[in-house]
Amino acid sequence: MMELVFRKQIKRRWKAAAIYTTMAFVFAVAAYTFLGLKHDPLLVNLAERLLPASLEHPLGTDHLGRDVLTRLLLGTKLTVGYGLLSLLVAVIIGVPFGVISGFKGGLIDRIFMRIADAFLSFPDTIVAIVLSGLLGPGIENLLLAIVVVKWVNYARLVRSTVITERQKDYVTVAKINGVSSFRIMRKHLFPHLIGNVLVLASLDLGKIILLISSLSYIGLGAQPPAPEWGAMLNDARPYFQSNLFLMIYPGLAIGFVVLLSNLFGDYLRDKFDVKKEVES
Amino acid sequence: MSLLEVKNVHKTYDNGVEVLKNVNFSMERKECLGLVGESGCGKSTLARCILQIESINKGIIMFEGTPLQNKSERNLKPYRKNIQAVLQNPASALNPKLRIKDSLIDPYLQYSSQAKMKQFQYTSEENFVAQLLEAVELPTELAERFPHELSGGQKQRVTIARAISIEPALIILDEPASSLDVLSQAAVLRLLDELRVTLDISYLFISHDLAAVHEMSQKIMVMKEGVIVDSFERENLFSMDRHSYTQELLTMFE
């Protein structure tokens with residue numbers, strides 16, 4: 001029993017530590033970027049190509065003489081920023097879709113869910129590749145592909161939550177009180193949705209970052225010379241025998257951000273569970 | 001004019017099961033009408049029909065002389081204010097994500113412009129919630145809690161407070177004490193009885209428990225398989241001309 005409590009405490013502290021690390025990380029990146037970067041991330045300087053780490057270039061330079069640290073930091077904006085943007089759009093489309101579908105039920109629900117099924121039947125990588133093929137490669141088209149694939153998950157999650165909750169007595173009582181459907185959704189159902197959606201979103205963020213990076217790696221996402229992590233990995237590929245770290249840095253950055261987003265998801269799940277909070 | 005009149009009400013579910021067959025009764029202001037029957041006999045369905053959350057197939061439900069069915073939600077609202085409900089399971093009747101005060105204030109917010117209150121005066125939200133909690137004999141500090149931090153009896157008192165918060169003319173009590181332990185049951189029923197007198201409310205008291213109904217009600221109806229088989233004044237429960245089914249229930253009572 002004591003051991004269990006102890007382990008729980010460590011776990012919670014570890015999570016809190018992870019959250020603070022994220023914050024510190026984000027602030028550091030923001031500060032560094034806004035205080036002015038020493039190097040131009042796009043400036044080609046062949047005289048300084050493939051330099052090892054030094055005070056001037058803390059992580060060395062790449063095959064075109066660009067500072068790796070600068071590119072890595074600006075890559076945060078591209079990879080994480082676009083990841084968040086596409087996630088936000090997916091949530092904005094998916095949540096109202098799911099709420100209406102779940103709350104209204106009947107024909108509207110059936111039509112909405114068949115549309116969702118149609119979107120679900122394509123694997124996300126395939127959709128992204130097809131859209132890039134049709135619209136041309138580029139990060140905007142990649143984002144479009146991500147939104148197309150991801151909004152369905154939110155619609156379905158929200159719909160199932162709404163269906164479970166609207167059968168409960170408190171919704172019946174609200175109806176007996178003449179509370180409007182809109183208000184029932186806003187006051188009674190929304191608090192049930194927000195936790196679930198945030199948890200799914202933070203777990204999804206990791207997947208989306210991986211998707212952006214992997215598609216950029218095969219040349220379908222961000223186009224050179226944009227400092228996207230997946231694209232940087234691809235750029236470094238020919239030099240991995242001589243300059244292995246050129247590949248390791250963006251790889252670590254991707255891994256780190258994905259890990260943090262997953263940890264953040266776990267943390268949110270605990271936080272939005274009202275019951276658990278009190279028990280612990 | 002009766003407070004509530006139910007005439008020739010029939011209700012059939014989509015799957016063809018006929019739950020209510022020609023139900024007729026009326027009730028007056030300030031009285032408690034008991035409705036007894038075993039589970040599955042259609043008691044709760046009748047309650048849901050009166051509350052206008054389920055439609056009926058045939059018949060009329062009149063509140064103070066106005067038929068309620070086929071009204072739009074907007075036209076129904078003045079009647080909704082006057083017919084409230086306390087349901088069987090308090091755990092699911094309170095939104096687990098809302099604090100007690102937010103659940104309690106919800107009905108009042110719907111009617112704040114038209115509510116003419118006799119007992120409870122709205123000065124501030126806190127004050128109003130405190131008055132309600134006091135009325136159901138709960139400590140006022142419960143306002144900040146979440147439903148899962150309360151006991152079953154406390155939760156049921158909160159749902160009672162919510163039902164009386166807009167001072168309705170009629171409250172439908174659908175097995176209000178069944179999910180509670182014996183002590184809480186007695187306390188909740190006593191509280192309900194007191195509130196009826198102080199607030200001039202009528203009750204339609206639905207229960208499978210003939211003893212509780214007899215304790216609470218002035219008139220009693222007995223329902224069996226969707227039909228009201230017997231209807232009598234409280235003191236005539238033990239008279240010899242009771243329906244055989246009522247007498248069967250009575251033997252369990254003793």
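Since the structure is predicted, the reported quantities are computational estimates derived from the model, not experimental observations. Residue numbers begin at 1 in each chain, while the letters A, B, ... track the order of the sequences.
Within a 6.0 Å radius of CZ in A/Phe264, other residues, nucleotides and ligands contribute 12 heavy atoms or fewer. The environment of B/Glu28 atom CD is dense: over 12 non-hydrogen atoms of other residues, nucleotides or ligands sit within 6.0 angstrom.
Interface remark: B/Arg74 contributes no atoms to any contact with chain A (heavy atom separation under 4.5 Å). Contacts of B/Ile83 with chain A are made by backbone atoms alone, with heavy-atom separations under 4.5 Å and no side-chain atom involved. For chain A, the nearby part of B/Leu98 is the side chain; its heavy atoms alone come within less than 4.5 Å. In this structure, the portion of A/Val173 lying under 4.5 Å from any heavy atom of chain B is its side chain and not its backbone.
Applying a 4.5 Å heavy-atom cutoff, none of the residues of residues 169-176 of chain B approach chain A.
When the salt bridge (charged side-chain N to carboxylate O under 4.0 Å, His left out) test is applied to B/Lys7, the partners found at least two apart in sequence or on another chain are B/Glu5. For A/Arg110, the side chain to side chain contact (heavy atoms under 4.5 Å, CB included) test picks out A/Arg114, with sequence neighbours left out.
The CD1 atom of A/Ile184 lies 8.5 Å from the CG atom of B/Asp106; values are rounded to the nearest 0.5 Å. If you take OG1 on A/Thr172 and CZ on B/Arg48, they are separated by 5.5 Å, rounding to the nearest 0.5 Å.
Counting heavy atoms from C-beta outward, A/Lys175 and B/Leu51 have side chains that stay 4.5 Å or more apart. Between B/Gln84 and A/Asn177, some side-chain heavy-atom pair lies under the 4.5 Å cut-off.
Nearest heavy atoms, B/Ala93 versus A/Tyr170: O-CB, 3.4 Å. For the residue pair A/Gly178 and B/Gln110, the shortest heavy atom distance occurs at O-OE1, 3.4 Å.
Annotation: maximal heavy-atom pairing with chain B below 4.5 Å, among A/Lys168, A/Glu165, A/Lys187, occurs at A/Lys187.
Applying the side chain to side chain donor-acceptor pair (under 3.5 Å) rule to pairs touching residues 86-98 of chain A yields nothing, sequence neighbours excluded.
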